[in-house]
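One structure below.
Everything quoted here is computed from the prediction, not taken from an experiment. Numbers here are sequence positions counted from 1.
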Amino acid sequence: MSTLDELRARVAEHPSNAWARELGWRPVIVGSERARVLILGQAPGRLAQASGIPFDDPSGRLLRSWMGVTDDEFWNPDLVAVLPMDAYFPGKGASGDKAPRRDFAERWHPLFLEQFTAVRLTLVIGRYAQRHYLGSADVTANVRAAESFLPRYPIVHPSPLARGWRTRNPWFLEENVPRLRHLVRDALAPG
């Protein structure tokens, strides 16, 4: 059993996650110590929680398109790791999913990040991850200044709920997505 497997087991067994265990849920954290791209995202959606596969939904298809990767590349744990701000679906809110629990990332992320030693590029997706890792929840400003955060690269969440943001900010698809594809290709390249 790898250290990452042990950490996932510790997450599952932690008293703060008893409610998820009772539902039969496993933490949706994937990747290996060899992963070269790390995705810091929000929290698994309902479909991802059910399948145990992160971004196994329309948001994931769009994300893979933006990254310029195949499904096989994306779900290869030696290439891409996914560490959400909460490892469990937080439930439905008034407009979209509820926010991830704030204490999850503080408690668990440092332990996981110590294991992802081969990561060359980290995608910081959405407001919650950007607040935690970039110090600002202003997605537009963060994404506009994406180059200044490298090797972390902030992007808007690929959710259908963010379609309006993408319409109001066409520069994201015109400028940031091509740069993202280039960065991902470089990160995944052998060597």
Is the [atom1] atom of [X] crowded by more than 12 outside heavy atoms at less than 6.0 Å?
{"X": "R163", "atom1": "CZ", "value": "no"}
{"X": "R102", "atom1": "CZ", "value": "no"}
{"X": "R120", "atom1": "CZ", "value": "yes"}

| Any side-chain heavy atom of V80 within less than 4.5 Å of one from E73? | no
Would you call L63 and I125 a side-chain contact if the rule is heavy atoms closer than 4.5 Å?
yes
A12 meets the side-chain contact (heavy atoms from CB on, under 4.5 Å) criterion, sequence neighbours left out, with P27, Y88
Donor-acceptor pair, [X] side chain versus [Y] backbone, under 3.5 Å?
{"X": "N142", "Y": "D138", "result": "yes"}
{"X": "Q130", "Y": "I155", "result": "yes"}
{"X": "N169", "Y": "T140", "result": "no"}
{"X": "N17", "Y": "V11", "result": "yes"}

Not counting sequence neighbours, list each pair that qualifies as a side chain to side chain donor-acceptor pair (under 3.5 Å) and has a residue in residues 34-62.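 Output for this query lists R34-D78, S51-D56.
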Qualifying side chain to side chain donor-acceptor pair (under 3.5 Å) pairs with a residue from residues 147-156, counting only residues at least two apart or across chains: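 Output for this query lists E147-R179.
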- [ ] In sequence, state the C-alpha distance, the side-chain angles, and the governing distance for R107 and H14, and then conclude on side-chain contact (heavy atoms from CB on, under 4.5 Å).
- [x] CA-CA 11 Å; R107 174 179 287 140; H14 195 272; 3.3 Å; yes
Discussion item. For a side-chain contact (heavy atoms from CB on, under 4.5 Å) check, start with the C-alpha distance between W75 and V30, then their side-chain angles and the critical distance, and finish with the verdict.
Written reply: CA-CA 9 Å; W75 284 310; V30 300; 5.8 Å; no
Is any side-chain N of the basic residue among R101 and E106 closer than 4.0 Å to the acidic one's carboxylate O?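 A salt bridge is absent here (no side-chain N lies under 4.0 Å from a carboxylate O).
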